[in-house]
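Structure first, then comments.
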Amino acid sequence: MSIKDKSAVLSLVVPVHNEEATVNIFYDTLQNIKKELPVAINFYFIDDGSDDKTLSIVKSLNKKDESVHYLSFSRNFGKEAALYAGLQHADGDYVAVMDVDLQDPPELLPEMLSEVMAGPYDAVGTRRVDRRKTKIVRTWFSTRFYKWMNRVSQMHLVEGARDYRVMKRQMVDAILSLPENQRFSKGIFTWVGFHTKYIPFEDRDRVAGKSSWTFWNLTKYGIEGIVSFSTLPLTIVTFLGLFSFGLAVVAGIFIVARALIDNTSVAGWPSMATIILFIGGIQLLSLGVIGRYLSAVFLEVKRRPVYIIKEGR
Ligand code: UDP
Ligand code: MG
């Protein structure tokens, strides 16, 4: 495929948070990749409130290279916010989203772009396969999560899909037309539709620095994903409630009948305690689930900005 169109522009959105060790390596690597691309390229580094030298490194890149743009948040708003800001500002005909730590293989970029340019795809995404055996627990949870998510949300999330992707302008505009504050990009990318192809690649270590995600963060992220794209948990607790109510009615009739027929015992308090615990447990669980949705609504109606920019060029 050799579609050349030097007048077209590819914007590269790169969220960075405490990445002083990787930004320069990323930039240098991309300079080599750039030569293989049939289009011009510009960078949008989104500094997500780093408190190391990341911002000053990005600024010096901006000084020496006019294709480098940057935005800097007033604090850490999270990768989702950084992605959103990047997509809002990137003005290319094609937009790519990419991590700075080179875990998203830059050498795939030319192939991804030419695939999008040649059609019929509107986007080419990537999916990580064969995760190394060192992260068994994380991998297990992650696989479960994709299975679950697909089951509860009538939406097909591709397993191992990364945010790393190249999209046409039209798809980017569609993504930006979703006004929600709590953005779960993996879901949004799928929700907007369009024809997407996924290219698999081997998992690899980050080139330097360390990941800002903890297991707890990932769990919260997963719950947010489910809450923003599925109401099935609400349905489940409704049925749990109905079921335990039915059980309570049957048990009540049984207990009254037994007391009328054979009025001898005060025995049975263990079963009573069990029933109380059971119903109490279901109630707490249901309240918790409803609480998640309520908090999502609460955060959404405040209409707070997704991020606040402190400076940018
Ligand atoms: N990142 C960010 N804000 C955050 C955490 C991460 O902008 O609060 C960026 C980070 O600089 C990197 C990308 O998101 O470019 C992916 O982060 P990381 O490598 O830590 O995540 P992982 O590869 O473990 O999913
Ligand atoms: Mg990474």
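Every value quoted in this text rests on a predicted model; they were computed, and no experiment measured them. In listed order, ligands and their atoms are each counted from 1. For the numbers below, each heavy atom of this structure counts, side chains included, while hydrogens, waters and symmetry mates do not.
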>> Below 4.0 Å, non-hydrogen atoms only: which portion of E80 touches ligand 1? Side chain, backbone, both or neither.
In response: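 Neither part.
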> What part of N76 sits under 4.0 Å from ligand 1 if we count only heavy atoms: the side chain, the backbone, both or neither?
Replying inline: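 For N76, the contact with ligand 1 is made by the side chain alone.
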> Tell me: protein heavy atom nearest atom 23 (O) of ligand 1, and distance?
Replying inline: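 Going atom by atom, the protein heavy atom closest to atom 23 (O) of ligand 1 ends up being Q103 OE1, 2.7 Å.
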> Tell me, which protein residue and heavy-atom name are nearest atom 21 (O) of ligand 1, and how many Å apart are they?
Replying inline: W213 CD1, 3.0 Å
Using a 3.5 Å cut-off on N or O atoms only, is [X] in polar contact with ligand 1?
| X | value |
| --- | --- |
| P15 | yes |
| V100 | yes |
| S211 | yes |

> Is Y198 reachable from M171 through a run of I, L, V, M, F, W or Y residues, each pair having side-chain heavy atoms under 4.5 Å apart?
Replying inline: no
>> Cation-pi check for F73 against R75: NZ or CZ below 6.0 Å from the six-membered ring centre and within 45 degrees of the axis, yes or no?
In response: no
>> Ring of Y84, cation from R183 - is the NZ or CZ under 6.0 Å from the centre and inside 45° of the axis?
In response: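 Yes.
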Can you find a pair of side-chain heavy atoms, one from [X] and one from [Y], that are under 4.5 Å apart?
| X | Y | value |
| --- | --- | --- |
| V95 | R169 | yes |
| I236 | V289 | no |
| V9 | V39 | no |

Can you list the atoms of ligand 1 that are under 4.0 Å from a heavy atom of [X]?
| X | answer |
| --- | --- |
| G78 | 3 (N), 8 (O) |
| D48 | 2 (C), 3 (N), 4 (C), 7 (O), 8 (O) |
| R206 | 18 (P), 19 (O), 20 (O) |
| V16 | 7 (O), 11 (O) |
| E19 | 10 (C), 11 (O), 12 (C), 15 (O) |
| D101 | 19 (O), 23 (O) |

> Would F45 and D47 count as a side-chain contact (heavy atoms from CB on, under 4.5 Å) if you check the C-alpha gap in whole Å, the side-chain angles of each, and the deciding distance to 0.1 Å?
Replying inline: CA-CA 6 Å; F45 287 102; D47 167 41; over 6 Å; no
> Looking at D99 and R206, does any basic side-chain N land under 4.0 Å from a carboxylate oxygen?
Replying inline: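 So D99 does not pair with R206 through a salt bridge.
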> Is the closest heavy atom of R128 to ligand 1 under 4.0 Å?
Replying inline: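 The answer is no, since R128 has no heavy atom less than 4.0 Å from ligand 1.
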> Got an N, O or S from S211 under 2.8 Å of the Mg ion (ligand 2)?
Replying inline: no
> Is there an N/O/S atom in D104 that lies less than 2.8 Å from the Mg ion (ligand 2)?
Replying inline: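 So D104 does not count as coordinating the Mg ion (ligand 2).
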> Which single N/O/S atom of D101 lies at minimum distance from the Mg ion (ligand 2)?
Replying inline: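 Of the nitrogen, oxygen and sulfur atoms in D101, the Mg ion (ligand 2) lies nearest to OD2.
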>> Is the ring pair Y121/H195 parallel, tilted or perpendicular, if the boundaries are 30 and 60 degrees?
In response: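 If you compare the ring of Y121 with that of H195, the planes turn out parallel.
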> If every non-hydrogen atom of P38 is compared with every non-hydrogen atom of M117, which pair is closest and at what distance?
Replying inline: CG-SD, 4.0 Å
>> Could you check whether Y164 and Q103, counting side-chain N and O atoms only, form a donor-acceptor pair closer than 3.5 Å?
In response: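 There is no such pair between these side chains.
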